[in-house]
There are 2 protein chains.
Amino acid sequence: MLPVTAALADLSAADLEAFLAKTRADLDAFKARGLKLDMTRGKPSPEQLVFAEGMLALPGNRDHTSEANEDARNYGNLQGLAETRKLFAGTMGAPAERVVVGGNASLAMMHDVIVWALLKGVPGSARPWSKEEEIVFLCPAPGYDRHFAICEEFGIRMIPVRLTGEGPDMDQVEELVRDPAVKGMWCVPKYSNPTAETYSDETVRRLAKMETAAPDFRLFWDNAYAVHHLTDAKAEILNILDECAAAGHPDRAFVFASTSKMTVAGAGLAFFASSEANVKWQQARAGKQTIGPDKLNQLRHVRFLKDEAGLAAHMDKHRGSLAPKFKAVTDALQARLGGLGAATWITPAGGYFVSVDLAPGAASRTVALAKEAGLALTPAGATYPYGKDPQDSNLRLAPSFPTLADVKVASEIIAVCMALACAEAEEARRKKAAA
Amino acid sequence: MLPVTAALADLSAADLEAFLAKTRADLDAFKARGLKLDMTRGKPSPEQLVFAEGMLALPGNRDHTSEANEDARNYGNLQGLAETRKLFAGTMGAPAERVVVGGNASLAMMHDVIVWALLKGVPGSARPWSKEEEIVFLCPAPGYDRHFAICEEFGIRMIPVRLTGEGPDMDQVEELVRDPAVKGMWCVPKYSNPTAETYSDETVRRLAKMETAAPDFRLFWDNAYAVHHLTDAKAEILNILDECAAAGHPDRAFVFASTSKMTVAGAGLAFFASSEANVKWQQARAGKQTIGPDKLNQLRHVRFLKDEAGLAAHMDKHRGSLAPKFKAVTDALQARLGGLGAATWITPAGGYFVSVDLAPGAASRTVALAKEAGLALTPAGATYPYGKDPQDSNLRLAPSFPTLADVKVASEIIAVCMALACAEAEEARRKKAAA
């Protein structure tokens, strides 16, 4: 690699040419290896799934009775077993009485709450949301593509909101919620997907306090990475339910989480927590949908994790597997892009993604270059509403699933492709300026 | 008990008085025992749940790989494991390619399909159902209260349809579907909840063939008791999907079932099957709701039941537990009500309920009398749209959950209460006629 001592923008024409040539040669070397690598999705690896191997034989014969002496095999208990709700009350930031256990997907709980809001309205709604002229959601972007897909499915207009490194740009948010059509906002408050940023106390307080024109405005608070730390600096966020209650907006937040990235990705538990009124509303709707959730899986989780200390110890195993992969990514980025002045990223302290901002136009070019080298990346724009990154500048990297060895190689390829795409962009910029 | 040799209507005034007195005395004897019995819901008993005890330790350590070499622990496979779909293809009456595995509740799959129909429309819809002036569902009644509760939740108007003993009155149905507002119809085609009747071939054919004014009319075909036989005469119904396709209405039927009353009531698998277009539509919608179902539970079911023969053998165990309970009910009804000419019922050959038609007004009176004797029955009217039985004449008995000994006592109490209620109704009828 060339020793990069200056930003791309400061290189002489000759040095930029040399940089391009060397970087292309490095990429060609990777292409020659005929690799087939995939960094597209935030899936736990087989190594991580083994941590929950013991669950596959649980709860075990004759173990099907809850603390309240319910038969966990039979129908009923719409809200979920008390011991399961208690185990995750801390994660959800609500007392067990205001925690609901769902199926295996928190996404389904979010989808269903939106569907019910559209068809029935939420507490405080004047009418079902589908009877409004237009429904708008605020979407901090880049964000989680599956959140945005729900909005698109149901014709909810999405407005992207800038992220600051401490959560959404609150000046922008406070301005936007003055429109009564704005009924909701997606938030991944801790180790955000994909930027890895954590909402500051100031951000959380402003979200709780702000005046919204819609009296039935809701924060969709997807705390997906609540306990998914990668360092000793375990991020804590303010309790959104408490902050909303203190600010006189007790029903503002719907809180979601799941154990998908704690225990078994496809066979975990999803959770919902909120105010008493919201939980009552959710349970009334859910009671029309099902007789009750899978309580054996709830018992399985309690038997396996035991308590909050057990959960924390289990999450440390994930950290042990994930942290070296994340380090491989950021080391490669730093080594190849550190001085170029063309790429920025947050070194994740938790979560599942590394998000990189590049020169405008360089994101889709990087994906195309990586594909040539046998590496599949999340498509550029995928993390934006309607799949459109207006700058074509952001890429989401998902290093969890491949082996550490593969992540190392993939990260080098990514960094090379990014460097090349950014240098090409710089070259194009100069040509355009000269023309 | 009085030897009843004549119908209540034919008894002399004195004999009716004597019958009332004796029946009241019999009821008082039960009251004196201070019993506490419950026959309200169609839940499997602990004895039945033990049949699936082996599942509680499945799939077991290191068993998490599907036939297609998927990791059943991880995310993905929205439609469900091929081996699970294959195992239940016969039950669903569709090739595995057109079977979808859901969560633990077929009710949720029905609810979700209706929600998506309301917000998006189904294949063939001119617009989302919620944009129509009015949506109407036909509801063979008595029927399943939770079906009707979904309609009520979303403001779908329900029209009750008479049952004939071979399914719904098709003359009435064919007339009603000439209204384009009629978009759907609930059907429990085998061992119907609660009448235990099975749709005749003629009924199925007419449902498949009839001309509906709504081009996007759907049969919600809840084959909840597909393999839930109580006798050797295992009922077979015509394949609704095939009949609809042959009649030129390939997209007419949505088929649902679950293993809730096969394996574990609260932790079973739900299934959906339909035409290629409908399955594609359902999967497109479900793909916005979830990344995929709990495939470990799918593997658990395959490991436990193995194949269709294994499923049939397993269902025979249920029959062994349930058949004596059903016999206790119908024996008691026959013994006490057989000659009265005031009560009719179908002796169930499968399913979970005994449905009894009494003299008008006698249903709620029976429930009140039973309550006095410490026996909880499903509220009168519960099995009708809006909870209103216009005749107040039908009762649903659910003998599965209590022990056989309790079912025997409960059945005698029920028969006594019914006899008393019917005799009181006869007495009232005579007083009214005389006035």
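Since this is a predicted model, take the numbers as computed values, not measurements. Numbers restart at 1 for each chain; the letters A, B, ... are given by sequence-line order, proteins then strands. All heavy atoms count here, side chains included; hydrogens, waters and symmetry mates do not.
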I'd like to verify something: which residue of [options] has the highest number of heavy-atom pairs under 4.5 Å with chain B?
| options | result |
| --- | --- |
| A:Asn297, A:Leu107, A:Leu58 | A:Leu107 |
| A:Ala267, A:Gly60, A:Ala108 | A:Gly60 |
| A:Ile114, A:Val115, A:Leu49, A:Val264 | A:Leu49 |
| A:Gly155, A:Ala105, A:Gly266, A:Ala149 | A:Gly266 |
| A:Met55, A:His64, A:Lys295 | A:His64 |
| A:Ile291, A:Leu118, A:Thr290, A:Val50 | A:Ile291 |

Practice item. Please look at B:Pro293 and chain A and tell me whether the side chain, the backbone, both or neither of the residue comes under 4.5 angstrom of a heavy atom of that chain. Key: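 The backbone, not the side chain.
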Review point. With chain A, which of B:Lys120, B:Gln48, B:Met110, B:Arg62 has the greatest number of heavy-atom pairs at distances under 4.5 Å?
Key: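 Among the listed options, the one with the most contacts to chain A is B:Lys120.
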Are any of the side-chain heavy atoms of [X] and [Y] separated by less than 4.5 Å?
| X | Y | answer |
| --- | --- | --- |
| A:Tyr75 | B:Arg41 | no |
| A:Asp112 | B:Gln289 | yes |
| A:Asp63 | B:Leu56 | no |

Interchain contact, [X] with chain B, by part (heavy-atom threshold 4.5 Å):
| X | answer |
| --- | --- |
| A:Ser260 | both |
| A:Asn77 | neither |
| A:Leu119 | side chain |
| A:Asp71 | side chain |
| A:Asp294 | both |
| A:Lys43 | both |

Check your understanding: Hey, are A:Arg285 and B:Glu153 close enough for a salt bridge, meaning a charged N less than 4.0 Å from a carboxylate O?
Key ->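 Looking at A:Arg285 and B:Glu153, the cut-off is met.
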Practice item. Check the pair B:Glu152, A:Lys288 against salt bridge (Lys or Arg N to Asp or Glu O under 4.0 Å), reporting the backbone distance first and the verdict last. Key: CA-CA 10 Å; B:Glu152 203 167 350; A:Lys288 301 294 187 286; over 6 Å; no
Check your understanding: If you take all heavy atoms of A:Asn104 and B:Gly292, which pair is closest and at what distance?
Key -> ND2-O, 3.0 Å
Point to revise | Main-chain N/O of B:Ser45 paired with A:Asn74 side-chain donor or acceptor, under 3.5 Å | key: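 Checking the backbone N and O of B:Ser45 against the side chain of A:Asn74, no donor-acceptor pair under 3.5 Å is found.
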